[in-house]
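As the structure lists them, so they are numbered: ligands from 1, and atoms in each ligand from 1.
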Amino acid sequence: MVSQNSEYSIQYSAWGGPENLETGPLHPPGKLRRGHIRVRVRAISVNPVDWKILAGEQNAGVHLMHLLSSRRGPLFPRVFGSDFAGEVTESRSHRFTPGERVAGMLSPLSGGSGSTEICVRASHCISLPDHWSWDQGASLPAAGISALQACKPFGRGSDSGRSGGPGSAGVQRSPGRVLLIGAAGGVGSIALQILARRGWEVHATGRAGQAELLKDLGALRVVPRDTWPDYALKEGPWQGIIDAPGALIRGKGEKSPAKLLDPRHPGACYYPVYIPNDFIGSQLLRIMKWRLFGRGKRSAMMLAYPSARRIKELQEHISRGIIKPVVDSSWSLKESSPASPVSHAMNGGVSGKVIIRLDG
Ligand SMILES: NC(=O)c1ccc[n+]([C@@H]2O[C@H](COP(=O)([O-])OP(=O)(O)OC[C@H]3O[C@@H](n4cnc5c(N)ncnc54)[C@H](OP(=O)(O)O)[C@@H]3O)[C@@H](O)[C@H]2O)c1
């Protein structure tokens with residue numbers, strides 16, 4: 001817990017669970033480089049990748065990034081987090097001036113958004129609408145970028161205006177029925193809004209208590225979280241499946257993605273957002289998927305990264321009101337330790353994002 005106005009970082013000194021998190025002295029963000037901005041961080045969100053890195057599950061990537069870092073110091077203590085929202089205090093970029101409200105994402109492998117002060121590449125940040133809170137801003141970068149990537153194979157023309165249906169002008173592939181597994185989570189809750197806007201008929205999985213939210217976000221049907229495998233088989237085949245938690249590739253005895261996709265639909269596509277923890281595992285998965293999917297069926301693996309192009313796309317979707325942030329809960333470090341919100345996020349049943357406020 002933070003007891004007084006101060007500058008600090010949420011940090012950890014060993015791989016493990018949320019109990020390893022503590023607030024400590026600010027990790028100095030260093031000199032402001034060209035094209036970067038200095039940000040007073042007000043809120044961060046908790047992403048699965050953050051607690052996977054904390055657990056040491058992404059060690060190969062973390063060590064590689066550490067080796068490549070130009071400002072290499074000791075590996076520990078490390079700063080928790082990747083998403084953030086806050087105000088610009090200094091700028092060496094034409095994109096933002098001091099006082100502007102921004103949100104963005106640091107590379108999860110380098111990490112470090114959980115500090116009251118950070119320096120970040122301006123091209124990795126979006127400008128926050130005036131009516132958005134810090135919590136709402138911090139909820140969106142990683143989930144929004146990932147959702148946009150996950151929705152890439154699922155037509156994009158009809159989001160240029162009112163909710164479009166099949167056949168809307170500019171749709172690259174005519175929308176059909178899509179099964180969205182994990183729709184109430186960080187990525188799912190944004191992907192649902194994008195798909196619905198593009199005219200896809202979304203069948204979204206979630207818990208009973210999340211049904212109203214999912215319908216509000218655009219789901220045509222809400223499928224109970226624990227019985228969706230039977231529903232998927234009974235109601236299939238599907239023109240598309242987005243699998244946020246990777247349940248179909250991880251589950252034992254569950255249905256195969258290939259059997260659930262519509263063989264007559266040339267663009268039928270299975271898209272897992274989850275990637276295995278290690279690089280070798282992901283390569284094996286890729287080979288496996290080549291074997292799983294025959295001609296005419298598609299599958300892809302994605303790696304979300306805040307490139308300038310993706311940030312621009314996210315900004316456009318926000319400006320046009322296509323996506324709205326979904327915040328599960330907001331935790332102040334004046335009232336709780338950093339472990340509490342992270343445990344809450346890890347326990348599941350969360351709708352949207354869990355936020356940690358860096359009050360000071
Ligand atoms: N490839 C990439 O670049 C990339 C980018 C972002 C995220 N990811 C990964 O993608 C995954 C999802 O991310 P996220 O931010 O959406 O996570 P999240 O916020 O934790 O959401 C996951 C959702 O999936 C649901 N779920 C879990 N197991 C399920 C099952 N067997 N059947 C049905 N629903 C299930 C969860 O429901 P409950 O809470 O009820 O369990 C939750 O609603 C994570 O593993 C994350 O690390 C990858």
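Where the criterion is an N or O separation shorter than 3.5 Å, residue side chain and backbone included, Ser146 fails it with respect to ligand 1. The distance criterion of under 3.5 Å between nitrogen or oxygen atoms is met by Gly186 with respect to ligand 1. Considering backbone and side-chain atoms alike, Arg225 places an N or O below 3.5 Å from some N or O of ligand 1.
For ligand 1, the atoms sitting less than 4.0 Å from at least one non-hydrogen atom of Pro245 are 24 (O), 26 (N), 27 (C), 28 (N), 29 (C), 35 (C), numbered in the order shown with element in parentheses. Counting the atoms of ligand 1 from 1 in the order shown, those under 4.0 Å from a heavy atom of Gly348 are 39 (O).
Salt bridge present: Arg38 and Glu90 bring a charged side-chain N and a carboxylate O closer than 4.0 Å.
Both Val120 and Val49 are members of a single hydrophobic cluster when ILVMFWY side chains are connected at heavy-atom separations under 4.5 Å. In terms of hydrophobic clustering, with Ile, Leu, Val, Met, Phe, Trp and Tyr side chains grouped at heavy-atom distances under 4.5 Å, Leu233 and Tyr231 are assigned to a common cluster.
Ligand 1 has Ile181 within reach: a non-hydrogen atom of the residue lies less than 4.0 Å from it. The shell of residues lying under 4.0 angstrom from ligand 1, judged by heavy atoms, includes Gly349. In this structure, Lys52 has a heavy atom closer than 4.0 Å to ligand 1.
Counting heavy atoms from C-beta on, the side chains of Lys215 and Val222 come closer than 4.5 Å. Counting heavy atoms from C-beta on, the side chains of Arg177 and Glu235 come closer than 4.5 Å.
Scored by the side chain to side chain contact (heavy atoms under 4.5 Å, CB included) test, Ile311 finds Ile126, Ile145, Pro306 as partners (sequence neighbours excluded).
Checked against a 6.0 Å centroid threshold, the rings of His36 and Phe96 do not count as neighbours.
The residue from Gly209, Pro48, Ala191 that puts a heavy atom closest to atom 20 (O) of ligand 1 is Pro48. The heavy atom nearest to atom 13 (O) of ligand 1, out of those in Leu303, Leu180, Val187, is found in Val187. Around atom 11 (C) of ligand 1, the closest heavy atom drawn from Ala143, Ala150, Ala345, Ala244 belongs to Ala244. Of the candidates Val273, Thr227, Ile53, it is Val273 that places a heavy atom closest to atom 8 (N) of ligand 1.
For Ala304, heavy-atom contacts with ligand 1 shorter than 4.0 Å involve the backbone as well as the side chain. Contacts with ligand 1 closer than 4.0 Å are made by no heavy atom of Gln149, backbone or side chain.
Around CD of Glu212, the count of heavy atoms belonging to other residues, nucleotides or ligands within 6.0 Å does not exceed 12.
In this structure, Arg101 satisfies the cation-pi test against Trp134, with its NZ or CZ atom closer than 6.0 Å to the six-membered ring centre and inside 45 degrees of the ring normal.
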